[in-house]
K.L.:
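Here it is: the structure, laid out below.
All values reported here derive from a predicted model rather than from experimental measurement.
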Amino acid sequence: MRIPASTYRLQITPDFDLTAAAEQLERLHALGADWVYLSPVLRSVGGSDHGYDVADPTEVDPARGGRDAFDRFCRSAHELDLGVLVDIVPNHQGVASPAENPWWWSLLRDGRGSEHAQAFDVDWESFGDRVMIPVLGDDADEDGTPRPGRADQALEQLEVELRDGQPVLTYFDNVYPVAEGTAMFDDDGRATEPARMIHERQNYELVNWRRGDAALNYRRFFTIATLAGIRVEDRQVFEDSHVEVRRWIDEGLVDGLRIDHPDGVRDPAQYLGWLAELTGGRYTLIEKILEPGELLPREWLEQGLTAGTTGYDALGVIDRLLVDPDGEYPLTALDASLRAGSSAEQAQEGDWERMIHGTKRAVTDGSLHAEVERLAREASVEPALEGVSHETLVDALSEVLSCFGVYRTYLPWGSEHLAEALEASQGSRPELAEVLTALGPVLGLGVEDESELTPAARRFQQTSGMVMAKGVEDSAFYRYSRLTSLTEVGGDPSSFSLSAQEAHDEFARRHRDEPLAMTTLSTHDTKRSESVRARISVLAEIGEEWAVALASVERDAHARGVGPLADRTLVNLVLQAMVGAWPISRERAVDYALKAARESGTATAWVDGDEAFEADLSGLIDLVLEDPAVRGTVEGIVRRVQAPGWSNALSQKLIQLTVPGVPDVYQGSEQWAPALVDPDNRRPVDHAEIAQRLAALDERRDDPSVAREHSVPAVDETGDAKLLVTSRALRLRRDRPELFSDYAPLQAEGEQAEHLFAFDRGGALTLATRLPVGLEAAGGWGETNLVLPDGQWKDALTGGSFSGTVRVGEVLDLLPVALLVRD
């Protein structure tokens with residue numbers, strides 16, 4: 001198995017296709033990347049800019065370059081000795097346009113008799129052998145109930161016609177197949193019956209779009225009805241959906257795979273085992289979100305099913321290492337004051353555990369209710385639940401899911417999480433205690449062998465991750481604004497900071513247990529890029545100043561007729577984002593704010609939102625950008641956090657690139673790249689400009705006539721300092737892997753020792769500054785010293801030479817970080 005020293009992630013899109021990506025390979029090699037890591041490249045739904053809505057898994061997407069371009073890309077990468085890692089999507093397929101997905105088209109046309117019927121996770125029996133398609137317009141109430149006298153209005157918009165000699169049913173731009181023998185046409189090609197009557201004979205039923213959350217009979221990806229779950233637990237479905245992946249392996253094109261959302265598949269261990277057989281044991285990572293303290297099943301690592309996760313767990317440790325614990329009190333007090341005038345429910349949401357229980361319960365009762373209903377139908381057949389009404393069972397399952405503390409268990413591994421959720425459910429809903437006790441064994445409590453799991457236990461494991469993702473990541477993360485750099489994927493924002501020793505302990509554990517897992521700081525899914533979080537984290541060092549600034553903005557906004565907004569914690573969240581990404585355009589700021597507000601769901605929503613609130617929120621952003629007084633307040637905070645934010649960004653980057661694991665650099669993040677949540681973090685990257693800047697850095701460093709202090713870029717808005725740190729660390733990891741074979745903490749001595757985080761990887765020493773505001777307030781490093789291991793050491797970043805006991809301030813005289821290599 002070839003192992004990457006590092007990876008560089010590229011987002012392949014129709015506008016930046018595989019041919020364009022191949023043109024960047026030499027640049028990435030010059031940067032120091034060891035492997036290139038591609039977003040999904042299989043054929044996706046037309047117009048997709050992310051590729052996670054695969055419509056045909058048997059071919060490379062022509063819109064992204066097609067098979068020939070993919071093959072050329074891989075071979076060109078290998079000629080430069082760059083490995084290739086590709087993101088694949090086994091859990092679901094895109095079905096937004098049925099005609100683009102041959103499997104889904106076959107299923108809708110032929111129903112249970114389709115050759116691809118077994119591919120999709122459909123509950124046929126409960127809906128009269130028809131697939132429910134929630135697409136019809138609003139001739140119904142919000143719960144999907146037909147309005148009196150208007151029940152047929154949407155169905156009257158259906159039409160049946162012949163296209164290329166084949167009958168199809170259309171609803172505006174939506175096109176669906178017509179089963180053989182269910183429609184007759186006259187000599188002029190017109191259907192002989194009304195379209196609604198022909199619709200009644202199809203293997204699918206078009207229903208009001210609002211019914212998807214409550215009455216859907218196919219598994220979705222989270223709440224997205226246009227992404228249908230795939231049954232890769234069926235060996236034939238696995239083989240059919242991995243035909244092109246197998247070709248990549250057989251032809252030596254791909255060296256490793258990244259598996260999207262394995263928590264969604266029925267049996268992740270079985271899937272990973274089959275995949276390992278297919279790939280011959282090639283390097284495989286899984287996009288698995290671990291809660292703090294949670295570990296992967298040990299057997300997965302020991303059996304070589306995966307090298308580990310894609311690194312959100314490492315991200316959380318690194319970010320919290322750079323957060324000042326003394327900031328917890330003032331920022332918590334600010335959060336409480338913002339909630340004080342809110343509803344009782346919002347005021348209580350200052351308690352993270354209470355909040356996420358509520359947001360998860362809202363999801364089980366709302367947008368994911370169809371999944372809970374199906375889970376209850378599967379559980380109800382178990383003898384232990386005989387006599388329990390369907391409504392009671394749905395309620396009990398919803399409560400367990402709301403109390404579940406991790407994304408999923410892999411029973412019998414992780415059974416303690418199920419036990420804890422059942423116990424918590426009995427505490428919160430004692431009237432359900434008897435049902436919950438009976439439910440435990442049905443969900444797998446006490447099961448010692450996976451083969452003994454009930455179908456309901458397996459589906460529960462698939463469902464719990466959906467509830468966590470929608471209830472926490474896509475809801476609570478937008479409501480809990482105490483310090484928003486901590487509301488990141490895989491993180492628990494109630495965990496405010498980590499000490500240096502706690503971080504050392506975790507990195508030593510990773511070196512021992514998961515040395516090949518990925519580490520990351522930015523991805524296509526992060527809520528804020530690493531540089532934005534690095535700047536926001538500085539607010540923990542100036543909590544009182546931030547509270548004053550926030551109050552000033554609110555006061556000035558109110559005086560100018562904007563606000564007070566109904567959700568003041570949202571104002572806190574949006575302003576933190578703007579400070580973190582400053583300077584920011586109105587379009588980017590408004591897009592982010594509206595997405596955050598709709599995801600939060602406290603004052604507006606994606607469906608039936610509050611237009612007046614959204615107008616006020618947009619008006620607040622206009623004030624921040626255009627009103628001299630308000631803008632001055634925000635820019636004052638930006639000036640306060642800018643330099644410390646750069647320091648944090650360099651520290652987090654060097655730590656991520658040198659701790660145990662395989663570091664990934666998300667496209668463009670070798671510079672500041674102040675991006676917010678998608679699609680903002682998928683904006684095009686100017687690779688040519690970065691290449692020119694790197695070449696200039698190299699030329700200056702290699703010029704013997706340039707003094708050391710002038711060969712190192714300033715830590716300023718250009719981002720060249722981060723480009724230097726990234727390139728030198730990547731090159732060292734690729735070219736000198738023997739320097740990264742161990743992990744040992746280094747401890748400074750002196751009054752500012754707490755501001756240094758340092759470790760020895762076995763010949764490469766990392767020194768990184770923590771809490772830079774406090775360090776500056778103390779007057780700098782002073783007499784803080786560090787005893788270096790034996791030998792002469794040279795800083796790969798600045799060229800400085802050191803040995804013995806050194807003053808930290810002398811090592812970090814040009815940059816807040818150092819990467820020392822035994823000379």
K.L.:
Can you tell me if Thr192 uses its side chain to pair, donor with acceptor, with the backbone of Met184 under 3.5 Å?
P.N.:
yes
K.L.:
Donor-acceptor pair, distance only, cut-off 3.5 Å: does the side chain of Ser114 make one with the backbone of Gly111?
P.N.:
no
K.L.:
Cut-off 3.5 Å, no hydrogens considered: what does the side-chain donor-acceptor table look like for residues 41-53, sequence neighbours left out?
P.N.:
from	atom 1	to	atom 2	distance (Å)
Arg43	NE	Glu59	OE2	2.4
Arg43	NH2	Glu59	OE2	2.6
Ser44	OG	Asp61	OD2	3.0
Ser44	OG	Arg64	NH1	3.0
Ser48	OG	His50	N	3.4
Ser48	OG	Gly51	N	3.0
Ser48	OG	Asp53	OD1	2.8
Ser48	OG	Asp53	OD2	3.4
His50	ND1	Tyr52	N	2.9
Tyr52	OH	Arg9	NH2	2.9
Tyr52	OH	Asp87	OD2	2.5
Tyr52	OH	His524	NE2	2.9

K.L.:
Is the side chain of Asp17 donor-acceptor paired with the backbone N or O of Gly65 at a distance under 3.5 Å, no angle test?
P.N.:
no
K.L.:
Hey, do the aromatic rings of Trp104 and Tyr218 have their centres closer than 6.0 Å?
P.N.:
yes
K.L.:
Using the rule given for salt bridge (charged side-chain N to carboxylate O under 4.0 Å, His left out), can you reason through Asp123 versus Arg459, listing the C-alpha separation, both sets of side-chain angles and the distance that settles it, and then say yes or no?
P.N.:
CA-CA 12 Å; Asp123 179 10; Arg459 187 164 299 281; over 6 Å; no
K.L.:
Taking only residues two or more places apart in sequence, or in another chain, which ones meet Arg201 in a side-chain hydrogen bond (donor to acceptor under 3.5 Å, both in side chains)?
P.N.:
Glu193
K.L.:
Taking only Lys NZ, Arg NE, NH1 and NH2, and the carboxylate oxygens of Asp or Glu, determine whether Arg258 and Asp260 approach each other closer than 4.0 Å.
P.N.:
yes
K.L.:
Residues in side-chain contact (heavy atoms from CB on, under 4.5 Å) with Pro167, at least two apart?
P.N.:
Leu162, Val178, Phe185
K.L.:
Show your reasoning for whether salt bridge (charged side-chain N to carboxylate O under 4.0 Å, His left out) applies to Arg361 and Asp395.
P.N.:
CA-CA 10 Å; Arg361 183 68 204 223; Asp395 189 11; 2.7 Å; yes
K.L.:
Does the pair Arg190 and Glu161 meet the rule for a salt bridge (charged side-chain N to carboxylate O under 4.0 Å, His left out), with working shown?
P.N.:
CA-CA 7 Å; Arg190 292 190 296 263; Glu161 59 186 77; over 6 Å; no
K.L.:
State, yes or no, whether a side-chain contact exists between Glu239 and Arg246 at a heavy-atom distance under 4.5 Å.
P.N.:
yes
K.L.:
Using side-chain contact (heavy atoms from CB on, under 4.5 Å) as the criterion, list what pairs up with Thr13, not counting sequence neighbours.
P.N.:
Asp15, Phe16
K.L.:
Can you name the nearest heavy-atom pair linking Leu169 to Leu158, along with the distance?
P.N.:
CD2-CD2, 3.8 Å
K.L.:
For the side chain of Tyr37 and the backbone of Tyr666, is there at least one donor-acceptor N/O pair under 3.5 Å apart?
P.N.:
no
K.L.:
Just jot down the side-chain contact (heavy atoms from CB on, under 4.5 Å) partners of His78, sequence neighbours excluded, or say none.
P.N.:
Arg2, Val84, Asp255
K.L.:
Taking NZ, NE, NH1 and NH2 as the nitrogens, is one of them in Asp234 or Arg266 under 4.0 Å from a carboxylate oxygen of the other?
P.N.:
no
K.L.:
Apply ring pair (Phe, Tyr, Trp, His ring centres under 6.0 Å) to Trp103 and list each qualifying residue two or more places apart in sequence or on a separate chain.
P.N.:
His116
K.L.:
Show every ring pair (Phe, Tyr, Trp, His ring centres under 6.0 Å) that has at least one partner inside residues 238-263, sequence neighbours left out.
P.N.:
Phe70-Trp248, Phe221-His261, Phe222-His261, Phe238-His242, Phe238-Tyr271, Phe238-Trp274, His242-Tyr271
K.L.:
Partners of Glu233 by salt bridge (Lys or Arg N to Asp or Glu O under 4.0 Å), sequence neighbours excluded?
P.N.:
Arg231
K.L.:
Go through the steps to decide whether Tyr204 and Phe127 satisfy the test ring pair (Phe, Tyr, Trp, His ring centres under 6.0 Å), and finish with yes or no.
P.N.:
CA-CA 10 Å; Tyr204 54 87; Phe127 290 84; over 10 Å; no
K.L.:
Are the side chain of Asn101 and the backbone of Gly94 linked by a donor-acceptor contact shorter than 3.5 Å?
P.N.:
yes
K.L.:
Answer yes or no: is there an ion pair linking Glu277 with Arg235, defined by an N-O contact shorter than 4.0 Å?
P.N.:
yes
K.L.:
Between Arg112 and Glu125, does any NZ, NE, NH1 or NH2 come within less than 4.0 Å of an OD or OE carboxylate oxygen?
P.N.:
yes
K.L.:
The criterion is ring pair (Phe, Tyr, Trp, His ring centres under 6.0 Å); which residues satisfy it with Phe73, sequence neighbours excluded?
P.N.:
none
K.L.:
For Ser600, what residues pass the side-chain contact (heavy atoms from CB on, under 4.5 Å) criterion, not counting sequence neighbours?
P.N.:
Tyr478, Arg479, Asp567, Thr602
K.L.:
I'd like to know if Lys595 and Asp591 make a salt bridge, using a cut-off of under 4.0 Å between side-chain N and carboxylate O.
P.N.:
no
K.L.:
May I ask you to decide if Arg130's main-chain N or O and Asn217's side chain share a donor-acceptor pair within less than 3.5 Å?
P.N.:
yes
K.L.:
Not counting sequence neighbours, which residues clear ring pair (Phe, Tyr, Trp, His ring centres under 6.0 Å) with His390? List them please.
P.N.:
none
K.L.:
Tell me, please, which residues at least two apart from Tyr407 pass ring pair (Phe, Tyr, Trp, His ring centres under 6.0 Å).
P.N.:
none
K.L.:
Looking at Arg196 and Glu156, is there a salt bridge between them, counting it only when a charged N and a carboxylate O are closer than 4.0 Å?
P.N.:
yes
K.L.:
Does the distance from a Lys or Arg side-chain N to an Asp or Glu carboxylate O, for Asp678 and Arg683, drop under 4.0 Å?
P.N.:
no
K.L.:
Short question: side chain of Asp110, backbone of Leu107 - any donor-acceptor pair under 3.5 Å?
P.N.:
no
K.L.:
Under 3.5 Å, side chain of Arg374 to main-chain N/O of Leu216, donor-acceptor pair present?
P.N.:
no
K.L.:
Flag the pair Arg598 and Glu614 as a salt bridge only when some basic side-chain nitrogen lies within less than 4.0 angstrom of an acidic carboxylate oxygen.
P.N.:
yes
